[in-house]
J.: 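I have a structure I would like to understand better, so I am pasting it below and will then ask my questions one at a time.
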Amino acid sequence: MFEAVAFYLFAFLTIAMFYIVVTTKQALYALTALAAGMIFISAFFFILGAEFLGAIQIIVYTGAVMALYAFGMMFFDTTRDVKEAQGNKFIITGLATLAAVLVVLIVSAPIISENITAYYPALPEVGNTQEVGMVLFTKYLVPFEVAAVMLLVAMIAGIVLAGKKMDLSITLMNDAEIHDMKIDQKLDQHKKVLS
Amino acid sequence: MLEPINVSMESLNVMTLAPMLIPVIGALFILVVDLFKSNLDKTLYVVLSLLFLLIDFGALVDSSGLFMQNGTLMGMFDVMLIDGLAILSQFIIVGASMLFIPLALTNKRFHEFSYPEFFALFLFMISGFQFMVATDNLILIFVGLETASLALYTLIAMHNRVKSFEAAVKYFTMGALAAGFYSFGAMIFYALTGSVEIGQIATTLAGNGYADLGFVLVAVTFLLASFSFKLSLVPFHTWAPDVYEGSSAAMAGYMSIVPKIAAFVVAMRLFEFLIHSGVVWLEVVLYILVVVTMTAANIWALVQTDVKRMLAYSSVSHAGFVMAAILIGSTQANSALFLYWVLFSFTNLGSFSMLWISRQKKLPDHQSSDHSYDKFAGMIHTAPIAATSMALFMLSLAGLPPFALFWGKMYMISSAVTSGYTVLALIMALNSAIAGYYYLKLIVYMFMKEPVVDNDGTVYASNATLALRFIIGFAAIATIFAFAVLNPTLEFITSFVYNSGY
Amino acid sequence: MVDHILSILIFFPALAGMFGFMINKDSIRAYGVAVGVIEFALSLLLWFWFDGGVAGMQFMEQIPLLPSFGINYILGVDGISLFIIVLSAFITMIGIASLTETPNVKNMIVTLLFLQMTMVGVFSALDGIVFYVFWELSLVPMLYIIGAWGGPLRIYASIKFFLYTFAGSLVMLVGMLFMAYFYYQATGEWSFAILDWYRLILPENLQLWLFLAFFLGFAIKVPMFPFHTWLPYAHGQAPTIGSVILAAILLKMGTYAFIRFSLPMFPDASVALMTPIAIIAIIMIIYTAMVAFAQKDVKQVVAYSSISHMGVIIIGTFALNVEGISGSVFLMIAHGVVSGALFLLVGVIYDRRHTKLMSEFGGLAHVMPRYATIFGLMLMASVGLPLTINFVGEFLSLLGFYQQSHILTLLAGTAIIVGAIYMLAAYKKMFFGDVTKEENKNLPDVNKRELLALIPLSIITIWLGIYPKPVLEPINKSAEAIVQLMHDKSITDEAKMRIPSPLNKAQTSQTSSEGAH
Amino acid sequence: MEIGLNHYLVLSTILFAIGLVGVMRRKNLLLLFFATEILLNSVNIAFAAISHYYGDLTGQMFAFFVIAIAASEVAVGLGLLIVWYKRHGNIDLDTMSTMRG
Amino acid sequence: MEIYLYLALFSPLVGSLFAALFTTKSKTLVAGVVPSLLLFTSFVSSSILLVHILNGGAPVHVEMMTWMATGDLYIPFGFVVDQVSVTMMMVVTIVSTVVHVYSIGYMDHDKSFNRFFAWLSAFVFSMLILVMSDNYAGLFIGWEGVGLCSWGLIGFWFHKESASWAANEAFIMNRIADLGMLIGIFLVYWNTGSLQYDHVFEAFKGLDVDTLALIGIFLFIGAMGKSAQFPLHTWLADAMEGPTPVSALIHAATMVTAGVYLVVRSNELYSLIPEIGLFIASLGAFVAIFAASMALVNRDMKRIIAYSTLSQLGYMFAAAGLGAYWVALFHLMAHAFFKALLFLGAGNVMHAMHDELDPFKMGGLGKTMKATMVMMTLASVALAGLFPLAGFFSKDAILEAAFVEHHYVIYSVLLFTAGLTAFYSFRLVALIFHGEERYTLFGIHPHEAYKFMLVAMSPLLLLAIIAGSLKMTYFEMVTAILPDIEYHIHSHVTFWIMTIGTQLFVVIAILYAYKKYTTIGMNVPDGTSETENTFMYKLLKNQYYIPYAYDEYIVKPYTKLSALFWTEIDQKVVDATVDGIAGVIYDSGEQTRDMQDGNLSTMLRWMVIGTIALLILAVMFGLTARYAHVLG
C-alpha cells in the first residue's frame, strides 16, 4: 500500500516536474524542475531497493550535473525568457503522444516473465551497495574502466572546447597571422615568467 | 553473507583487452608527453599515434592468430567477446585510422592539430570503437560507443570554425537522442529477458518462442533507431551531410568509415539472430530502410553543389547498401559487408583525402563552399595526376569494375541473389546506376569543363605534403589493384565470419 | 608468345598508353600510330595462328582471380570473336592514324589506347566477370572522348551514354550473379566461366528471366529500340574518332554478347522471345531508318543508320541457325568497317566546314570527286549492294531468319528499301546538285592522311564482299558449334524444332519446310 | 493495489515521451540538453524497477553506466555550447542552419 | 572455251576500271576508246561462244571460286554459257559495243567523259554477270549491279535536280522489287537447299504447287521492278534524265529486259505454275496497252520511246507468261536492236537540237539529218512490226502464241496495242523529221552527228532489219533448253487473215499518224484545244496520275511520317521518357532536399518520426501476433 502511494505520488511529481522542464519559458524554472525531478527519480530508486543508485543519482545529477548546468546558465545569462519560435506544436506533441500511446499500448500488457533467470541475483541478506560493488568490479570491470576513459575523454573535451585556445581559430588564419600569434604567446609566457 | 570471489587470471583472458588498451595507453602517453614538454610539433604526435596503432595492429594480428586456432574467445567475465567479427572490424578500424592519422600532416595549419589532445582523443576514440565491437554486452557497447562518440564530437569541433561547431552540436544532440533510444531499447530487452548480453537475450527469446513479440519489436525499434542514426540510415541520416560538411575533409572521410563499421558489427550481432529467428517485421523494416536509404540518399546526392556534401550523401547511400547484408544475413552477406567495407575504406578515404589536399583556408569569390564543383572544373589541364586519381576514386565509388568497390558491390549483390532477394539485388544495381550520375558529375567538371578562373593547379594540392600524397597514392593503388588481393582477403574474411557463427 | 597472345593483345595497348604519358607532345601521334600498328600486327598474328578448322575456343588462358568465388581470368577466341578483335585493332590503328588536329592530343591517344584494351578484353573474355569488367571499363574512355572533345552538347551526351549503358549492364550483372549461383546450386561450385555456364541446363522460366536481365544490358548497348536514344546524341556530339570507334566496335559488344551469352545459355528463352525481339528489331530497322531520313545532320543520318543496321544483326542472331548467326557476325564486322568509314567521311567534311548540316552542302561531287567516290562506295556498301561487305552479312542474316518467320523476314527485308531511301537522299543532298554555297567552292579533296584511313577500309569493303571466305569460314565453324550446343541443350520441343541441328541436315530441311507453312 | 513492473514501465514510457516532446520542441540548446537528460533518466527508472522485480543487479548496473554517460555528455555538451555561445552570442537552434540541403 | 567466257565477262570490268582511273582527270579520249575496244573483245568472245553453242557444243559451265559458304548454304561464283545466256550475251555485247562507240562521239563535249565510260562498262559487266550466273545469288549480284550502274548513269548529270531525283527513284523502286526477289531467293534456298539453277530446277519438281507459286510470285516481283512493270513502272520514264546512250543501252536494250530474262531463265518453275504465268501474261498485256496509251500524247521524245519500251516489255512478259519463252526471248533480242537504234537516233536529234526534247519544236529535220531519219524510220517500222523487219517476226509470234493458247483477250489487247505502237512511233517520226521546220523559231541550226557515230549505229540497223530472218536458227538453238512449242495457227486462212489484217491495221495507224502530224499548220498542243481538255487526254498526259499519286500518297506521307517519328516519337516520347525518368529522379531530389533544412529541430523531429513509424509497424505486427489466435 505504501509502495503504491509512494509510486503514484512520485510518479505524479516527476511527470509534473519534467513537464515543466519541457514547457516552461524560464530557463531557471526548467533547471530547478529538472533538479527536482532528478531527486524524485532517486526516490524511485530507493523504493526499488537500489540505494546505491539512488545515492549516485542525487550526487551525480543534482550535484554535479546541475551544478554544471547552473554554471552554464550563468554563463549564458538565461535569466531572461527563452524565446522559442515554435513550429507546429500539434505535430510535436502529437508525435510524442503517439509514441507514448504506442509504447504504453504494448508495455501495459504484462510481460511474461516467469522463467526469467537472474544472472546476477540480488541477495536479500546483502546490502545493495555491496552487491553492486561485487558485480561492478567483477563482471562489469571492463565497462567500468571504459567509463573511466569516457569520463577522461569528456573532461579533456570540456577543457579543450571551453579553453581559451579555441578563441582564435588557426583553421581560419593564414600563415602570417599564425606566426604573429605564436610570438604573442611567447611574449605572454615571458611575461608570466618575469612577473 | 557475500562470498569472496576467486578469480583465476587464466580464465580472465586478460589478453583479450590488449588491442583496446594499446590506444588508451598511447593516448595517455601523448598526454603525458605534452605535460612534460608543450608545443611539440604535430609530426611527433602523428608518428606516436601511428606507432601505437601499429602495435595495436600487431596485437590484432596476434589475436586473429589465436582466433584461428581456438575460435571465439571470451574474456574478462565473458564481457569481452573476441570473435571473427570483432577482429575483422578492429582491423578495419585500426587500419583506417592508420591511413587517416597521417592526414594531419598538412601543408597548411589547422586548429585541431595544434592540440596534442587531438591525438589523445583520437586514440581514445579508437579504443572506444574497439570495445564496442569486441563485446556482446549492451552496457559495454553503450559505454564504448559513447566514449568514441564524445571524442568524435570534440574532434569535429576542434577544427574550430563556425561550421564545425554547428556540425558538432548537431551531431552531439542527435547522438544524445540516439543514446536515449539505445538505452530504452536495451531496457526493454532487459525487461524481456533479464539480460543485457546479446547471446543470452537470443537464447532466452528463442527459449520462450518470442512470446512477447510486441515487446521485442519495440525494443528492436528503439535499438534500430539508434543504430540507424549511427549508420545514417534515412530518415536518421540528417546529421550526416551537415557534419561532413562542417568537419575537415579528412575527418569526414574517417567518419564515413570507422564509426559505421563499429555500428555495423553491433547491428549484425543484434539483428542477425532476430532475422534468423524469422522476425518478419524486422525483415520488412530493414528492407524498407535499406531501399529508402540507398535510393533517397542517392537522389539527394544528385542535387548537391558541393563535392563533400555529395560524398556525404553517397556515404549514406553506401551505408544503406551495406545494411542490406544484415537484412540478408547469410554468411556470404556478412562477409560481403566486411569485404565491401575494407574496399570502401580505401576508396572513400582516398576521395576525401583528395578533398583534403585541395582545402583552401579562404574561399575564393567564385566558390560558394569549400569543395564546390566549380573548384574542380578543368582540373585535368592543371593537375592531371590529381584529377586522374580523383576520377579513379569516383569510378570506384560508382562501382565501375575493376576498381575496388566493384568487387564489394558484386559480392554483396551476389549474396542478395543467393539468398533469394532478387528484387533487392535489382534495386541495389539500379541505385548504383543512379549513383553513377553524381560521381560522373565531378568527373565531368574535372575532365570536360574549362576552369572557372585561371589557376595553375596549385589549389588542388595546396595542402599536400609528401605524407598526404603517399596516403592518396596508397589508396589509389589499393583501389586499382584490389582484385589482386581479393581472393586471400575474401577467404580470410569468410573464414572469420563463418567461424564466428554468422 | 602464342599462349599469351590474347593477354598481350589486351594489355599491350594499355601499357603503351601509360608510357604514352611520358612521350613528348610532338611525337605522341607517331607513337600512337606505332602502337596501333604493332597491335594490329599482333592481331593479324592471332589470325594467322588461329586454326580455322577448330570450332571451339583457342589461345585459352586462365589465371585464378577470385577462385573461391569462381572468378577467373579466362581468355579465348573462337571464330566469332577473332575477327572483331582484329577489326578493333584495325579500326583503332586507322583512327589514330587519321586523327585530325585536336587539342590535348596526348590525352586523346592515351585514352584511345585504353579504350582498345577494353575492346579487345570484351571480345576475348571467357569469364562473365572479366567480360563485365572490360565491358564497363570501355565506358570510361568513351565518356572522356565524347565529353572532352565533343560538340556543344557533349556533356549531356556523354553522361547519357554512360549512365544508360551503365544502368543496363548493372542489371546484366545481377543476371550474371544469378547464373553463377545456379551453377553453384547445380554443381556445388561457383563459376563465372562462360564455358561452364554453357553446360548449365536451366528450366524455361528461369531462362526467360535471366534472358531478360542480360537482354537489358545488351539491348541498351546495341542499342535496340526503345533504348536507342543515347546513340544519336553520342554520335552527334562525339568527335570523329569517337564516333568511328563507337559505331565500329562498341556497338558490336551488345550483339556479340547476344551470341556469346544469350543464345547458348538460354536456348529455350531465345526461341520463346524470338518473335518479340524480331519485332523490336524490325521496328529498329524501319522506324530508325525513317528517323534517319528525317535528319538534317549527316552524322545523325549515319548514327540512325547504325541502329537500323544493328536491327538486321539482331535479326540474324535470332535466326538461331548457322546461316543467320554467321551472317550476323559477319555483318558486325561489315558494319564496323562501313560505318567506321562513313563516320570518318563525315569527319572529313566536318574538318573542312565545321558543320554537319546537309543543307550547308550540295554539289560536293563537283569539288571533291574523290571524296564523293569513296562516300558513294561506302553508301552503297551501307545500302547492302552485293559484292560489298555488308551484303554478305545482310543476305545471310535475312536468309537465316527466313527459316523462322516469313512475314517478319519480309518486314525486316525492307531494310534494303528504307536504307536506300535515307542514304540516297542524304547523298543527293550533299553531293548532287550545284555548288550553292560560296564556302564549298574551293574545298580541298581528301588529303593523303584521310586516304590512308579510307583506302584500306574501301579495299576491305570490296575484298570481303567478293571473297568473304577467309572470314566466313571460321565464323561458320563456331556458329555451327553454337547452334549445335543450343540444339542439344534446349529442353522445349519448340526450341528443338526451331533450332536446327547442323549435324542433322535431313531433319532440318524437313522441319523447316513444315515450319514454313 | 499492487504496483507491478508494468507500472514502472508505463511511468518510464511517459517520462520518455515527455523527453521526446522536449527534444522536439526546445529551440534553446541548453533546454534541449535538459530534455535529453530526461530521456536517460526515464530509462533509469525502468532499469531499476526491472532489476528489482527480477532480483537481478544487471539493471542497476546499466542505470549506473547510463548516469555516467549522461554526466559525460553534459561535460562535452556544455563545452560545445560554450564554444558556440562565444562565437554567436546565443544558443538558439534556429540560428544554426548555415548548412542545408 | 572457258577462256572466252572469262574474256567476255571481265573485259568490260577491265575497261570500266581503266576508265575509272581517269575519272578525276579531264576528258581523255583513251578512256573512251579502250573500254570500247575491250567491249569489242567481249563481243568477239561472246560470238565465239555463240558459234560453239550453235554448233551443238555443250554449255560452258565454270565455277570460279566460292563466294559464300555457311551452314548448308553454298554459293559459288559460277558462270554458265548456254543457249539462253549466250543469246543475252550477244544482245548485251552488241548493243553495248555500239553504244560505247557511239558515246565517244555523243559525250564528246561532256567534262565527265571518263566517268561516263567507267559507269557504262561497269554496267555491261554487271549485266553480263546477271545473264551468265549459274545461280540466283549470282543473278542477284548482277541484278543489283545493273541497278547501281543505272543509278550512276541516270544521275550522271547530277547537278540537275531532276536527274539525281530520277536516279534515286529508279534505285529505290528497284529496291522494292529486289526485296521480293530476295524473298524469292530465300524461298528457293529453304525449299531446295541450293541456289544453283540446275539443282534448283531439279528440286522444283518435288515441291508442292503452293510453294512454287509463292516462289514464282516473289521472283516475278523482282522482275517487275527491273522491267518496270506496273505499278513499279514510273521510274523508267523518269530515267530518261540520263544521257541518251544510257537510255539506249540500259533502259531499252538490256537492263529492263532482265526481268524477262529471269522469267525465261526460270521457265522450269513457271511451267509448273501456269496460273502465275497467266497472271504474268495478263499483266504484260495490260502494261503493253497502258504504256502505249501514255505514249500517244506525250511531248517528250525520249519518254515516248521509253513508254514504247515499256509497252514492248509488256509484250515480252505476255509471251513468257504464256509459256512461249523462246518467243519472249526472241522479241527481247529483236527489240533490243531496234529500240537501241531508235534511242541512238533520238540522241542524234537531241544533239542537233541542243538537247531539245519536245518533238513539237522540231519538224523537217529530215533535210539536214538524212541518215538519222532513215535509221529512225526503219527502227520505227521494226517497232511497229511491219514485214519484213525484226519486229514483225517477233511480235507476230507473240500474237500467235496468245491466239493459239486461246487467250483471246490478251490477243486482242496486244493486237490493239500494235496499232497504237505504230501510231505513236510514226507520230514521233513525223513530228521530228517531217512537216514544218518549227525549230527555226528557236534559232537552232541542226546538224548531222559525227560520221563514226552513224557508222557505229549501222550494225543495229542491220540487225533490226535482218533479225527476223534468223528466227529459225535461233529457235533451234534455244529450244534445246526452253520448251520448244511452235505456235502454228492450224488453219492457213486464219493465219493469213490475221497476219494481213494486223499488217493493214498497223499501216493504217502509221498513215494516220503521218497525216495528222505532217500537215502544215497542225495545231501544237498548248492546252487550249478541245481534245486536250477531255478527261482521257488529261489522264494520259498525266500518266494516269500515278506519279502524282505516288508522290502524294507515298513519298509525302513517308517524309512527313519520318519527320513525325523523329520529332514526335523519337524525341518527344522515347527520348523524353528516358530523360523523364532521369528528370523525375533529379526533381524528386530537388523537391525533397528541403527535408534537410539545416535546422537541428527538424533533424531531431525526423529521427522521432522515423522511430514512430517503426513503432507503428511494430505495434501492428505485435498486435497481430498476439491476437493471431483470436483473429484466426
Side-chain angles (χ1 to χ4, degrees), chain A residues 3-4 7 11 14-15 18-19 21-22 27 30 34 38 41 44-45 48-50 53 56-57 60 64-65 68 72-73 75-76 78 82 84-86 92-93 95-96 99-100 103-104 107-108 110-111 116 118-122 131-132 135-136 140 143 147 150-151 154-155 157-158 161-162 166, chain D residues 1-11 13-22 24-28 30-31 34-35 37-38 41 44-45 48-49 51-52 54-58 60-61 63-65 67-76 78-83 85-86 91-92 94:
Chain A
E3 203 193 348
F7 175 79
T14 18
I15 291 172
F18 285 167
Y19 180 75
V21 174
V22 297
L34 186 66
M38 298 291 184
I41 282 177
F44 287 115
F45 292 159
L48 292 167
L53 220 47
I56 295 277
Q57 173 84 2
V60 173
V65 175
L68 262 180
M73 282 181 61
F75 189 82
F76 304 134
T78 40
V82 182
E84 288 187 318
Q86 282 303 341
I92 298 159
T93 34
L95 279 176
V103 179
V104 167
V107 167
S108 56
I111 292 182
I116 297 287
Y119 293 97
Y120 299 96
E131 290 166 1
V132 168
V135 179
L136 195 57
Y140 290 103
M150 177 179 69
L151 288 165
M155 189 177 81
L161 291 177
M166 290 294 274
Chain D
M1 150 169 148
E2 185 78 16
I3 296 298
L5 178 53
N6 288 102
H7 289 82
Y8 282 99
L9 291 183
V10 170
L11 172 66
T13 308
I14 290 169
L15 291 179
F16 196 83
I18 291 174
L20 280 185
V21 172
M24 283 191 288
R25 82 180 282 270
R26 279 305 187 195
K27 295 277 182 175
N28 184 300
L30 193 68
L31 297 184
F34 288 178
E37 296 297 329
I38 297 175
N41 273 288
N44 276 355
I45 298 176
S51 173
H52 174 75
Y54 287 178
D56 179 67
L57 283 173
T58 312
Q60 292 190 28
M61 285 297 106
F64 173 78
F65 283 107
I67 292 172
I69 286 165
S72 315
E73 278 189 355
V74 169
V76 177
L78 274 175
L80 289 172
L81 213 58
I82 288 168
V83 186
Y85 186 79
K86 277 186 190 164
I91 46 173
D92 192 357
D94 291 335

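Chain letters run A, B, ... following the sequence lines, proteins first, then strands; residues in each count from 1. What you are looking at is a predicted structure, and each value in this text was computed from that prediction instead of being measured. For the numbers below, each heavy atom of this structure counts, side chains included, while hydrogens, waters and symmetry mates do not.
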J.: For each of A:Val60, A:Thr14, A:Ile56, A:Leu136, tally heavy-atom pairs with chain D at distances under 4.5 Å, and name the one with the top tally.
T.: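 Top option by heavy-atom pairs under 4.5 Å: A:Leu136.
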J.: Give, as side chain, backbone, both or neither, the part of D:Leu15 having an atom under 4.5 angstrom from any heavy atom of chain A.
T.: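 For D:Leu15, side-chain heavy atoms alone lie under 4.5 Å from chain A.
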J.: Under 4.5 Å heavy-atom distance to chain A, tell me which part of D:Phe16 shows up: side chain, backbone, both or neither.
T.: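 Contact with chain A involves no heavy atom of D:Phe16 at all.
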J.: Based on non-hydrogen pairs under 4.5 Å, which of D:Val21, D:Leu11, D:Asn41 is most in contact with chain A?
T.: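 Of the options given, most contacts go to D:Asn41.
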J.: Could you walk me through whether D:Thr58 and A:Tyr140 satisfy the side chain to side chain contact (heavy atoms under 4.5 Å, CB included) test, starting with their C-alpha distance in whole Å, then the side-chain angles of each, then the deciding distance to 0.1 Å, before giving a yes or no?
T.: CA-CA 9 Å; D:Thr58 312; A:Tyr140 290 103; 3.2 Å; yes
J.: Please give me the minimum heavy-atom distance between D:Tyr8 and A:Glu3, naming the atom from each residue.
T.: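 Distance-wise, the nearest heavy atoms are OH-OE2, 4.2 Å.
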J.: Relative to chain A, which segment of D:Ile14 carries a heavy atom at a distance below 4.5 Å: side chain, backbone, both, or neither?
T.: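 Looking at D:Ile14, just its side chain touches chain A.
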J.: What distance do A:Phe45 atom CZ and D:Asn44 atom CG have between them, rounded to the nearest 0.5 Å?
T.: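 Nearest 0.5 Å value for the CZ-CG distance: 4.5 Å.
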J.: If you count heavy-atom pairs under 4.5 Å with chain D, which of A:Val132, A:Leu151, A:Leu53, A:Val135 comes out on top?
T.: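 Highest number of heavy-atom pairs under 4.5 Å: A:Leu53.
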J.: Rounded to the nearest 0.5 Å, what separates atom CD1 in D:Ile38 from atom CG in A:Leu34?
T.: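 Between atom CD1 of D:Ile38 and atom CG of A:Leu34 there are 6.0 Å.
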J.: Tell me the closest heavy-atom pair linking D:Phe34 and A:Ala27, and the distance in Å.
T.: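 Heavy atoms of D:Phe34 and A:Ala27 come nearest at CE1-O, 4.4 Å.
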J.: Between D:Ile67, D:Val76, D:Leu20, who has the most heavy-atom pairs with chain A when the cutoff is under 4.5 Å?
T.: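 Ranked by contacts with chain A, first place is D:Ile67.
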J.: What distance do D:Glu37 atom CD and A:Ile41 atom CD1 have between them, rounded to the nearest 0.5 Å?
T.: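 Those atoms lie 10.5 Å apart.
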J.: For the interface with chain D, which of A:Phe44, A:Phe18, A:Tyr19 has the highest count of heavy-atom pairs at distances below 4.5 Å?
T.: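 The candidate making the most pairs under 4.5 Å is A:Phe18.
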J.: Taking all heavy atoms of A:Gly49 and all of D:Gln60, pick out the closest pair and write down the distance.
T.: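 Here A:Gly49 and D:Gln60 meet closest at O-NE2, 4.3 Å.
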J.: Looking at chain D, which one of A:Ala147, A:Ala157, A:Pro143, A:Gly158 has the largest number of heavy-atom pairs inside 4.5 Å, strictly under?
T.: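 Sorted descending by pairs with chain D, the first entry is A:Pro143.
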J.: List the atom of D:Ile45, the atom of A:Leu48, and the distance in Å for their closest heavy-atom pair.
T.: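 Shortest heavy-atom contact: O-CD1, 4.1 Å.
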J.: Look up atom CG in A:Leu161 and atom NZ in D:Lys86, then write down how far apart they are to the nearest 0.5 Å.
T.: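 Nearest 0.5 Å value for the CG-NZ distance: 9.5 Å.
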J.: So, for A:Ala30 and D:Leu31, which heavy atoms are closest and what is the spacing to 0.1 Å?
T.: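 Closest heavy-atom pair between A:Ala30 and D:Leu31: CB-CD2, 3.7 Å.
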